[in-house]
Amino acid sequence: MDSAPSASRVGYLPDQQQTLMKVLVAGPFGVGKTTLIRTLSEIPTLHTEEVMTETGAPVDDTAGLPDKTTTTVAVDFGRLTVPDDLVLYLFGTPGQRRFFPLWHDIARGALGALVLMDTRRLAESFEIMDLIEEQGLPYAVAVNRFPDAPDHSPEVLRAHLDLHPDTPLVVCDARERAGSIDALIALAEHVLRKLPQEPR
């Protein structure tokens, strides 16, 4: 008798064909990457958060982040299925420079990146964007709303960040599901437009 599990017993595997996409959720320290993945994931999320200590104070600049008490030291992971059977595997990257060697390993195999930004600290995003561009990854920019953050028009943000006209720019609140999903869908559509088309 064949002891292999039947399809009906493997309840977590979908029957329909799906498109799988690995994407990065990137951005500087304290911008809301972990929060966004927790908000969106349809499975229990994996986090590697540690409590920040006085030892890290010289290298983790918490200016403007008075409530920041933990930091990601390896990776966040979650999964989201969006319409048309597109499954996004979300890999959150650490934002501090000392973790950049790890960043390259996490980025391997990704098809695109969602770059979270904080308008109070826009300049801190440039190094992350450079890393993503060095990897040749298409990306979308999501400005995470913070209560005390300055509000800029999309035109001003695009000019300040020197974004390519095709790069999606959206505004979201990482704590709110609907806007965060919209940000990921904007990224997914951008990535799919960049992928080579299969011959018919």
Side-chain angles (χ1 to χ4, degrees), residues 18-43 45-47 72 75-95 103-119 121-122 124-146 149 152-155 157-198:
Q18 296 180 314
T19 300
L20 310 180
M21 184 184 297
K22 176 182 177 180
V23 298
L24 303 182
V25 179
F29 170 68
V31 79
K33 302 179 293 293
T34 299
T35 299
L36 183 128
I37 291 174
R38 277 194 178 125
T39 298
L40 290 176
S41 183
E42 63 199 17
I43 62 171
T45 53
L46 167 70
H47 296 289
T72 299
V75 67
D76 296 323
F77 175 76
R79 186 187 73 195
L80 175 67
T81 304
V82 295
D84 299 323
D85 300 322
L86 175 62
V87 180
L88 304 177
Y89 290 101
L90 311 175
F91 287 77
T93 61
W103 194 99
H104 289 285
D105 289 334
I106 297 170
R108 188 171 294 118
L111 294 180
L114 182 68
V115 182
L116 277 184
M117 295 189 173
D118 178 351
T119 57
R121 302 178 292 128
L122 281 177
E124 296 180 17
S125 302
F126 294 139
E127 198 166 27
I128 301 295
M129 292 169 66
D130 287 344
L131 282 171
I132 290 168
E133 290 174 357
E134 287 169 11
Q135 296 283 322
L137 293 176
Y139 64 93
V141 172
V143 177
N144 190 14
R145 288 195 189 101
F146 288 89
H152 300 296
S153 70
E155 295 76 18
L157 286 170
R158 283 189 172 277
H160 184 76
L161 297 169
D162 193 25
L163 293 181
H164 189 278
D166 290 343
T167 302
L169 173 66
V170 298
V171 177
C172 70
D173 183 330
R175 301 167 299 178
E176 296 179 359
R177 187 171 177 81
S180 298
I181 287 176
D182 289 344
L184 274 178
I185 290 175
L187 168 65
E189 290 174 345
H190 181 55
V191 168
L192 291 172
R193 285 194 297 269
K194 297 283 187 181
L195 289 176
Q197 299 298 310
E198 294 183 4

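Not measured: the values here are computed from a predicted model.
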Close side-chain approach of Leu116 and Leu36, heavy atoms under 4.5 Å: yes
From CE (Met129) to CD (Glu134), nearest 0.5 Å: 12.5 Å
Any side-chain heavy-atom pair of Thr45 and Asp76 under 4.5 Å: no
Arg121 (side chain) donor-acceptor with Gly30 (main chain) under 3.5 angstrom: yes
Exercise: identify the closest heavy-atom pair between Thr93 and Gly27: OG1-N, 4.4 Å
Separation of Leu169 CG from Arg158 CZ (nearest 0.5 Å): 5.0 Å
Heavy-atom side-chain proximity of Leu157 to Val143 below 4.5 angstrom: yes
Spacing of Phe126 atom CZ and Asp162 atom CG [to the nearest 0.5 Å]: 8.5 Å
Closest heavy-atom pair and its distance - Ile106, Pro94: CD1-CD, 3.9 Å
Test item: Thr167 side-chain N/O and Leu163 main-chain N/O as donor-acceptor pair under 3.5 Å: no
Test log, rule side-chain contact (heavy atoms from CB on, under 4.5 Å), inputs Leu90 and Val23: CA-CA 5 Å; Leu90 311 175; Val23 298; 3.4 Å; yes
Nearest-0.5 Å distance, CG of residue Leu192 to CG of residue Leu187: 9.0 Å
Close side-chain approach of Asp130 to Glu133, heavy-atom, < 4.5 Å: yes
Flag, side chain of Asn144 to backbone of Val31, donor-acceptor distance under 3.5 Å: yes
Minimal non-hydrogen separation, Thr39 against Ala174, with atom names: OG1-O, 2.6 Å
Residue pair Met21 / Val191, side-chain heavy-atom distance below 4.5 Å: yes
Stepwise side-chain contact (heavy atoms from CB on, under 4.5 Å) check, Val170 with Val141: CA-CA 6 Å; Val170 298; Val141 172; over 6 Å; no
Side chain to side chain, Lys22 and Leu111, heavy atoms closer than 4.5 Å: no
Ala149 versus Thr119, closest heavy-atom pair with distance: CB-OG1, 3.2 Å
Where Ala186 and Pro168 come nearest, the two heavy atoms and their spacing: O-CG, 3.9 Å
Donor-acceptor contact present, side-chain Lys33 to main-chain Phe91, <3.5 Å: no
Whether Phe77 and Tyr89 hold their rings parallel, tilted or perpendicular, with breakpoints at 30° and 60°: parallel
Distance in Å, Glu189 CD paired with Leu184 CG, rounded so as to fall on 0.5 Å steps: 11.0 Å
Side chains of Leu24 and Leu137 in contact at under 4.5 Å (non-hydrogen atoms): yes
Gln18 and Thr81, any side-chain heavy atoms less than 4.5 Å apart: yes
Value rounded to 0.5 Å, distance of CG in Leu88 from CG in Leu20: 9.5 Å
Leu86 versus Ala188, closest heavy-atom pair with distance: CD2-CB, 3.6 Å
Intermediate values then yes/no, side-chain contact (heavy atoms from CB on, under 4.5 Å), Leu80 and Arg177: CA-CA 11 Å; Leu80 175 67; Arg177 187 171 177 81; 3.5 Å; yes
